[in-house]
Amino acid sequence: MPIYAYRCEACGFEKDVLQKLSDAPLTNCPACGQASFAKQVTAAGFQLKGSGWYVTDFRSGSSGSSGTASAEAAAGSNSGTAAPAAPVAPAPSTDAT
């Protein structure tokens with residue numbers, strides 16, 4: 001359920017209310033009783049951070065591992081001697097048509 005920010009235009013009382021999408025908006029201020037309680041437009045409650053996708057986001061189904069090996073390869077080792085993993089080329093076709 002989303003949280004809506006309300007503000008009374010008569011007395012300035014502000015309140016965050018947890019409501020269903022199907023619930024009717026509140027109109028009466030709980031502080032002064034006036035019918036000037038209205039929803040405010042607010043910013044989203046999350047931010048997207050980071051530089052992009054990670055190797056472990058899209059695991060291939062052919063490896064059979066649970067993703068721990070690819071996560072360790074993506075993280076590298078502390079000594080800095082780990083070489084980056086080379087992409088696997090598909091096997092050449094043997095069909096003679």
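Values reported hereafter were calculated over all heavy atoms of this structure, with side chains retained and with hydrogens, waters and symmetry mates removed. Counting begins at 1 with the first residue of the sequence.
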Check the hydrophobic clustering (I, L, V, M, F, W, Y; side-chain heavy atoms under 4.5 Å; chains of links allowed) and say if V17 and L21 are grouped together. yes
A quick test of your reading: do over 12 heavy atoms of other residues, nucleotides or ligands sit less than 6.0 Å from CD of E14? yes
In terms of heavy-atom contacts, C8 and C11 come closest through SG-N, 3.4 Å
Which atom pair, heavy atoms only, marks the closest approach of G12 to R7? CA-NH2, 3.9 Å
Apart from L18 itself, what residues make up its hydrophobic cluster, given side-chain heavy atom links below 4.5 Å? M1, I3
Return each pair, listed once, that meets ring-ring contact (aromatic ring centres under 6.0 Å, His included) where at least one residue sits in residues 13-34; pairs must be two or more places apart or across chains. none
With sequence neighbours left out, which residue pairs that include part of residues 19-30 fulfil the side-chain hydrogen bond (donor to acceptor under 3.5 Å, both in side chains) condition? Y6-Q19
Distance-minimising heavy-atom pair for K15 and P30: CD-CG, 4.5 Å
